[in-house]
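Read the structure below first, then the notes.
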Amino acid sequence: MKRSNWEEYQKSIADDKYYYARSCIRQNFFPGSEKAFLDIMQRDLGKEVFDDPLHTSCTGIGYHSDIVPLETIMTVVARQFALMNEAGYENFISSCITSFGIYTELLSTWEEFPETEERTRENLYKATGREFVKPKNLAHTSDIMFHHRHAIAERMTRPLINVNTGEPLRVVEHIGCHYAKIFPKKGIGGSEFPYVLAGMIEAWGGEVVDYPERRHCCGFGFRNYLVQANRGYSVANSQKKLESMAPYKPDFIVCNCPGCAMFLDKWQYTVAEMEGITYGRGGRGIPVLTYEEMAGLVLGYDPWKLGMQMHQVDVEPLLDKMGVEYDPSAKYLGPNGKYIGKPEPAIVNHRSQRNLYSIKL
Amino acid sequence: MTEKRVAIIGGGVAGMQMAIHLKERGANPVIIEREPTLGGKVAGWYVLFPTFTPAEQVVAPLKQRIAELGIEVMLDTTVTAIAPTCVTLQHGQLLRCDAVALCSGSTLFDARIKEEYGYGIYDNVYTSADLEQMMREGEVRMANGERPERIAILHCVGSRDEKVCQRHCSKVCCVTGVKQAIELKRMMPQAEVFNFYMDIRMFGPGYEEMYREAQVAHNVHFVRGRISEASPLSEGRLQIKAEDTLTGRPLRMSVDMLVLLIGMRGNDDNLPLATSAGITLAENGFFHPRNHFLDNVESERKGIFMAGTCSSPKSIGETLCEATTAAERIINYLNRSNKA
Amino acid sequence: MASNFGFSISKPRVIDIDRNNLRKSNEILREMPELQSCIGCGSCTASCTAGNLTSYNFRKVHTLVRRGEYVGAYEEMNKCMLCGKCRLVCPRGINTRKVAMLIKRKLGDF
Amino acid sequence: MSFYAHFTLPFIIGALAMFAIIAYRYTSWIVQLPRRDKALLRKGILSFATIRSVWEVICESLLHVKIWRRDPRLGYMHMSLAFGWFLLIAVGSVESLLYTGTLLVPLQGHVFFRYFATAIDKHIPLMDNIMDGLLLFVLSGVALAWFKRLRSRALGMRRTTRHTIGDRLALSTLWFIFPARLVAESVTAAIYGGGGFLTGSLGALLGEVVPASVLQALFEPVWWFYSSVLGIFFVAMPFSRYMHIFTEIPLIFLRNYRLSVGDKRTSYDNFQVQACSRCGICIDPCQLQAELGLNDVQSVYFLRDRREHQLTLNTAATCLMCGRCSTACPVGIDLNALRLNSRVEMRNTPSEKRFVYLRGLDRSEGMGKVGYFAGCMTMLTPRTLSAMQSIFEAADEQVWWADKSGGVCCGRPLKLSGERDSAHKMVAYNTELFRKHEITTLVTSCPICLRTFKEDYNLEGIEVLHHSEYIARLISSGRLRLRKGEGAFVYHDPCELGRGCGIYDAPREVISALGTLLEAKHNRRDALCCGSSLANLSIGDQAQLRIASSLTQELEQSGADTLVTACPLCKKALGRSAKVPTRDLSEIVAENIV
């Protein structure tokens, strides 16, 4: 494939001094990832990232579920910007694709319809007495990681290479719809040839696997998964992606978006339970990593410190391939040494296996 | 009459046909061609619908006649401005004349703009023009040199598509798609050919019959629905998605080769030429005639004529016919201005 | 499988040409190549006696069968009364009654 | 005296084998008859039907009157072989009685009498001449048969049937039987004298030309040859088309006892199938042969394939079931019914789950004791529908419209395609609908519906009429007055209406009340099919068009200014290629109501 198209989609990314906005989902499901981001940026790369305890959810999930009205979310977002201003930052970075989409959408809305920005200012002032200045630079945290990928590569101790074969690991990436499908120009590589994760994978020695449903939605869909009866549709989308990637035998999936990482991981357990199908090797699922976990691993972080025991698809096969040393007995122990609980595994090795979806390759 | 000079812009089949007629009627035509050879788009084609006549059988006799009549031809020459009595060439040279004929043809749509089809990105995505070239070279092969077993042909790439500013129908792609499907089946009877179409527009004599032949005699599958995207599979194969609108269901399949039937668009220099001549362009970027009925080969300005696909997508037969008509009109015009 | 999740996974509606077994479809087309000349005008369905009384859509059923989607096609075709009106109106001159009988034969009868 | 010689063995064995096989077959077929048919058989056997059957056997099995009517030359050929041979046997017994004075002459004694007569010193020249005359009669038939093989057209037939190997054996031996007899008897006469005008004269000639020693040496072999040819023929016969020689006889009886071919195969079908003489008369009237050149689907081939258990779906399906072959068949085999039950056997499937959507459906409108069932196809000829409406209004008839806004098919198309069980669903549905609305008369514009209403529905108490009959009745009862004009109409008999239901006169009466009635070259029982028959399950559109075009041409040759028919399918078919207007009978009636 002649792949240089991503180069048409570039954006400016600030080098340092970031105001950090967290993700609701990640704080609950992958808290290690956000911690890893801060550690990598601050400790490994020496960047200044401000993790403000005052900031809140962007309310994007509520917004996309028709619970939070547009005016409300605009006010909430304006407050985040005001907090950033008050903290003395101008580069706003978001740890969540939904939030990134929201921030991008609202900034564009304000640009197209200045009167809405004015109203938001009034609302914010009435509600909190704060005023705001729009960020000078808005980026997703993966953009930052992409931006510094070569710096990370320099400090890399465990490249994305199978230590047994010396071959690059085969990695499937999923950028999340709201990263570039709403505003393709705001995502590196656009929506058709996303490069933000691919760039990291390539920089760190892995091989990006292109597969037919690469651009398909993970099925998150907000209302679709929030209503239990509709979840079958949500799972069906993940399943479609998994079926499509399975023939390429990826070593792991790396996700950009909190929801995608959660679903591609957890729906594998659901599908295994409901249909007795898994998509990885040896009756196991395909490990799903966040890009911070991927970065943490290549930089030699302890997988349990990265929170990888929270995954429903076991990551050990991947760790073994990468030659990561880990303590199996410490997997489900917290920093205080206490048992933290254990997710059901996405394994169907006690069940009969249906043949994998095999297309004519 | 002999000193009456007609500048013909473009040496495709329209320009050549017109030049021959003008010369035979006593005028002195000069063909100004941007490319290093005469023949235009047709010279790159393999065979022509609906009779599967080799394109060479149309181009070669015209070229031969041009040579026999000693018609003046300026190759590698670009026109930058026109007026009824004068044509400006690339380096500002002026060419005096008594009438100007636009036979500048059209531009094939750049399939790369429809990025989702992967032209220029995936190996086995070709345009209809690429396929003609492959057929001229004698065989249709995938990038890895193997014979394709399943080929999808997508109609309306760069036609009837607001998203790429091509509202108009390019008219001849449908029949080209059917023709190419038949050629592919003749070359490779075991291959499966799927044509994805929005409407099938078989406007000319024998076209509908050809469409039916493709369906019945060659088992070409016609699926009504536009391909939404092409994605890569291993070994250069592609997965395509469309809606089979006749069943109301999404459809997906893998193919070895995807052929894009690219449409025609107005040349980029139509606008500067029109501006220099003081004439207007049609909304779709083609030249438009003074009116579509009685003066359909004349521009809004006296002394500037047009023929062929510079004024709208056309078949080769129609183009030749227009060139003849325009020549006739030019002769009348020259005679009148002579008397005046 | 055992677990009750309170929902079931939606099955894809997509016609997957790679996954579908086209053997019967190819047999049908070999026996009646004229079926490929269908231009989807819908005259058959519009005139259909059974279609007037039910949601039976002859055009759609045979199109799906040609794409290798056989599920339910036999049952649908069995709604046909073979009255032959569709044959009389088909602008492509397809022997639609034979199509109905052929599909029934290939997909179920014998 | 002894009537035994070694050479008679082939004959005796052959004859015994043949009679045993035939007896076994007929007995088992009779035994396997369904109970209903057996009852008919018991009832019929002591009735007048038996006498009528005897007469029919004489006319058809011996004299071949029907074939005579069709073509005297072909008739003579069949008669000379059948009746001539019969007389040879009958008169032969008289001959042996007169010569020996006893009736106790065994079979071979009659057949080879001239051989055994050499031991009797007695001559009855009259008898010899009669026997020679009969031999000549049969030989003339054989000669014609030979001639027919060479040039069938000369015998009024364009094509003859193709033969299987078994047939060839029987056919070849049959050809040799009588010439062999002539040679044997002539050689005998040459040596021992005697013989009539034929064998005697030939014998005398042989005596002069051929040396006596040679004749002596030939004497035994020629009789061996004659006997062997007969023996082979007898053994081959039950396995060849010549089985029809005997089978036609029980068929005539059973038919007269009113046994019939149903939509299920029974052992009676065997009599029908085996009675086919493969004369091939059915080939000529077949339009699939004449227009399309199809030459392996006609009834004679269908019966052959069915008899040989090699019937394919294609052969069974490729037929318009127009009935022209049945009309022509000299043996009166019920060809359409046989083909239909073959189709049922091949295509019928249980239909419990089908057509559940019919339950509770009623889209009829209007009130009245007269029900009008337009039929599916009539929906595509709405002029017929509106014409019928005007006719009903003019006659002041209260009408219940069964299917004005789309009804349920009559079921005949399904039946014709072999889906009997599904057809029954339609039959049950429509019957219930008619009963529910308590109609007493049912008028239909579609002969296909008409036929199934008459044949497959139990509509006791409801009179079923085609609209042509209904209109004719309105005219004769004075309820409908028509203006007689200058129009010249040629009427095309739809197959299902004419040959199917026997309605030929009603439409003609109606036309005569309107204008001039013209006839096509083929009309009434002989009328051509329009090619659109729903019984055709396989031939394509262009083929149908060819059949229709040739019919249209024939109709137009009558010089009419309008083609008239009384079937929506025929109208559509003719209209495709007609140069003059094609109208349904009802249309021209409605236009001329006073």
Side-chain angles (χ1 to χ4, degrees), chain C residues 27-39 41 43-58 61 72-110, chain D residues 313-314 317 343 345-351 353-358 361 363 375-381 403 405-419 422-423 425-426 429 446 448-449 532-545 568-569 571-573 576:
Chain C
E27 281 172 15
I28 287 165
L29 288 175
R30 245 197 310 280
E31 213 162 308
M32 287 195 74
E34 68 191 81
L35 182 55
Q36 279 286 45
S37 73
C38 172
I39 43 175
C41 72
S43 306
C44 47
T45 305
S47 64
C48 179
T49 303
N52 189 30
L53 306 171
T54 68
S55 60
Y56 170 59
N57 184 327
F58 173 74
V61 175
Y74 177 67
E75 290 72 17
E76 278 298 301
M77 273 303 173
N78 278 336
K79 291 179 180 168
C80 169
M81 304 191 195
L82 290 182
C83 73
K85 273 171 87 180
C86 48
R87 182 169 192 193
L88 234 53
V89 297
C90 177
R92 297 294 251 192
I94 300 170
N95 188 346
T96 48
R97 281 180 88 224
K98 188 175 174 184
V99 172
M101 287 187 274
L102 183 60
I103 288 178
K104 289 205 283 186
R105 173 149 68 84
K106 289 288 179 191
L107 299 186
D109 279 353
F110 51 91
Chain D
L313 187 63
N314 186 51
R343 286 185 183 183
E345 202 155 79
M346 293 169 141
R347 297 206 66 249
N348 189 46
T349 32
S351 66
K353 289 184 191 158
R354 297 188 189 177
F355 303 109
V356 284
Y357 64 83
L358 298 181
L361 205 69
R363 294 194 168 191
C376 303
M377 289 302 176
T378 310
M379 299 295 159
L380 295 175
T381 56
D403 57 350
S405 49
V408 169
C409 173
C410 64
R412 185 153 174 86
L414 279 164
K415 183 185 168 177
L416 288 173
S417 67
E419 298 190 35
S422 294
K425 298 252 167 172
M426 315 279 120
Y429 167 81
C446 176
I448 301 159
C449 304
S532 270
S533 164
L534 287 174
N536 155 43
L537 308 182
S538 77
I539 67 163
D541 188 60
Q542 287 306 304
Q544 284 187 321
L545 182 59
L569 265 175
K571 185 185 156 182
K572 282 273 179 207
R576 285 178 83 174

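This is a predicted model, so every value here is computed, not measured. Residue numbers begin at 1 in each chain, while the letters A, B, ... track the order of the sequences. All heavy atoms count here, side chains included; hydrogens, waters and symmetry mates do not.
Heavy atoms closer than 4.5 Å to chain D are found in the side chain of C:R87, but not in its backbone. For a residue to count as touching a neighbouring chain, one of its non-hydrogen atoms must lie under 4.5 Å from one of that chain's; by this rule D:D403 does not touch chain C. Of the two parts of D:S538, the backbone and the side chain both hold a non-hydrogen atom closer than 4.5 Å to a non-hydrogen atom of chain C. For D:Q544, the part lying under 4.5 angstrom from a heavy atom of chain C is the side chain only. Interface remark: D:S405 contributes backbone atoms only to the contact with chain C (heavy atom separation under 4.5 Å). Heavy-atom distances place both the backbone and the side chain of D:L414 under 4.5 Å from chain C. Contacts between C:C80 and chain D at a heavy-atom distance below 4.5 Å involve the backbone alone (N, CA, C, O). There is no contact between D:V356 and chain C, counting heavy-atom distances below 4.5 Å.
Side-chain polar atoms of D:S417 and C:R97 form no donor-acceptor pair below 3.5 angstrom.
Of the listed residues (D:L416, D:L537, D:L358, D:L569), the one with the most heavy-atom contacts under 4.5 Å to chain C is D:L537. Between chain C and the residues D:P413, D:G411, D:G406, the most heavy-atom pairs under 4.5 angstrom are made by D:P413. Most heavy-atom pairs under 4.5 Å with chain D: of the set C:I94, C:L82, C:V89, this distinction falls to C:L82. Chosen from D:R412, D:K353, D:R363, the residue pairing most often with chain C at heavy-atom distances under 4.5 Å is D:R363.
Of the inter-residue distances, the one linking C:R92 atom CZ with C:C41 atom SG reads 9.5 Å to the nearest 0.5 angstrom.
Smallest separation of non-hydrogen atoms from C:E76 and C:N57: OE1-N, 4.3 Å. Pairing each heavy atom of C:E34 with each of C:N95, the nearest pair is OE2-N, 2.7 Å. The two residues D:G407 and C:L53 have their closest heavy-atom pair at O-CD1, 3.9 Å. Across all their heavy atoms, C:N78 and D:F355 have their closest contact at O-CZ, 3.3 Å. When all heavy atoms are compared, the tightest approach of C:K85 to D:M377 is N-CE, 3.5 Å.
Residues C:L102 and C:E31 have side chains in contact (heavy-atom distance under 4.5 Å, counting atoms from C-beta outward).
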